[in-house]
Protein chains: 2
Amino acid sequence: MLFFAYRDFTSEPDALLAGQGFGRAHHRVIYFVGRHPGMTVSDLLTILKITKQSLARVLRELVDQGFVAQAPGERDKRQRRLSLTAKGLSLERALTERQLARIERAFAQAGTDAVEGFKRVMMGITDDPSLGRRNQP
Amino acid sequence: MLFFAYRDFTSEPDALLAGQGFGRAHHRVIYFVGRHPGMTVSDLLTILKITKQSLARVLRELVDQGFVAQAPGERDKRQRRLSLTAKGLSLERALTERQLARIERAFAQAGTDAVEGFKRVMMGITDDPSLGRRNQP
DNA sequence: ATTTTATGTCAGTCATGTTGACATTTTGCC
DNA sequence: GGCAAAATGTCAACATGACTGACATAAAAT
């Protein structure tokens, strides 16, 4: 079930991104940066659990093409605080829109109690759910 | 949540498979062939939604190394009816064991009603859930 | 002053997907 | 009986997104 749900959940954004020359990895970055504006590169690495070399490639493309903005941290100037540009935000909305529609449809069909149960189980499956709802620093 | 759950759900088997020189794609084949013994190549293609060239590579490795057996169909001799060998079954159990433990833990924590809700929502997210519980022909 | 941290970069590799083209065997239909 | 369609295979080239390993730089912390 997880395989099917995940496969179909990602298929629409994947198709949309392919047109832009982007892939699923770009979507993840856009999504999480959109959710947590001001996050640093290492925050992103912790969430995605990939290597910095892998992240660097997609992040560079997103920054070069003006989807993601970066600014040095105020207290710590080594950090790159990441955020979406207007262009990035617009893409984020286009991508999330499809997925949101899918989730809302599923939630509506299943009912409120089902949604509550769904969330509880999903949290239980995840190793450390606290990493999922990470604090903005 | 789907991203985190899927990532963690696959991480343990991935690690186990890496030792054998296999990957997640091999796991999928082993899983579905184990669930539906006697399925054909095109059944598998329909479920996985990948190209036959992609499937051919992993399937060949699994057959060559004696994890998957194949036999011509009785009525239709063009078909390859796939099944797990003893070796394949043993690997399948080792892989599924970890995932089952994870799911059982999550289910136990969340409670019976939550599980019911979880399943309803997951079905709603999937495009065509009927493809998920495919009939043995 | 030195170490640690946050980040970047180059280079090579691997797993898994893709497209396109063509071959073989078997089935099914006219 | 003959021929199209179906089930499957194979070769080749390519893209994406992950990986390891090694080294570099600037800022912070000790």
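Each chain gets a letter, A, B and so on, in the order its sequence line appears, and its residues count up from 1.
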Within this structure, what is the [atom1]-to-[atom2] distance between [X] and [N], rounded to whole angstrom?
{"X": "A:Arg57", "N": "C:dC10", "atom1": "CZ", "atom2": "P", "result": "13 Å"}
{"X": "B:Glu61", "N": "C:dT16", "atom1": "CD", "atom2": "P", "result": "8 Å"}
{"X": "A:Asp43", "N": "C:dT7", "atom1": "CG", "atom2": "P", "result": "8 Å"}
{"X": "A:Gln20", "N": "D:dT16", "atom1": "CD", "atom2": "P", "result": "13 Å"}
{"X": "A:Leu55", "N": "D:dA18", "atom1": "CG", "atom2": "P", "result": "9 Å"}
{"X": "A:Ile50", "N": "C:dC14", "atom1": "CD1", "atom2": "C1'", "result": "16 Å"}
{"X": "B:Gln70", "N": "D:dA7", "atom1": "CD", "atom2": "C1'", "result": "13 Å"}
{"X": "A:Asp14", "N": "C:dT18", "atom1": "CG", "atom2": "P", "result": "11 Å"}

### Query
Taking the side chain from B:Gln99 and the backbone from B:Phe9, do they hold a donor-acceptor pair closer than 3.5 Å?
yes
### Polar side-chain atom of A:Arg102 near backbone of B:Ile125 as donor-acceptor pair, under 3.5 Å
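Side chain of A:Arg102 to backbone of B:Ile125: a pair is present.
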Does OP1 or OP2 of [N] have a side-chain N or O of [X] closer than 4.0 Å?
{"X": "B:His26", "N": "C:dT16", "answer": "yes"}
{"X": "B:Thr51", "N": "C:dT18", "answer": "yes"}
{"X": "A:Ser42", "N": "C:dT7", "answer": "yes"}
{"X": "A:Ser54", "N": "D:dG17", "answer": "no"}
{"X": "B:Arg81", "N": "D:dA7", "answer": "no"}
{"X": "A:Arg60", "N": "C:dC10", "answer": "no"}

### Query
Can you tell which of D:dA7, C:dG17, D:dA18 lies closest to the side chain of B:Gln79?
D:dA7
### Message
Is there a side-chain hydrogen bond (donor to acceptor under 3.5 Å, both in side chains) between A:Asp43 and A:Thr40? Walk through the geometry before answering.
### Response
CA-CA 5 Å; A:Asp43 288 338; A:Thr40 66; 3.2 Å; yes
### salt bridge (charged side-chain N to carboxylate O under 4.0 Å, His left out) partner of B:Asp14, the single match among B:Arg28, B:Arg24, B:Arg7
B:Arg24
### Message
Is the distance from the ring center of A:Tyr31 to that of B:Phe3 below 6.0 Å?
### Response
no
#### Entry: First encountered from the 5' end of DNA chain C, between B:Gly73 and B:Arg28
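Looking at DNA chain C, the more 5' nearest nucleotide goes with B:Arg28.
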### Message
Across nucleotides 21-30 of chain D, 5' to 3', mark each nucleotide with B, S or - according to how protein heavy atoms within less than 4.0 Å reach it.
### Response
BB----BS--
### Message
Can you confirm whether A:Asp113 is buried at CG, in the sense that more than 12 heavy atoms of other residues, nucleotides or ligands lie under 6.0 Å from that atom?
### Response
no
### B:Lys87 atom NZ, neighbour heavy-atom count above 12 within 6.0 Å
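Yes, because the 6.0 Å sphere around NZ of B:Lys87 holds more than 12 heavy atoms from other groups.
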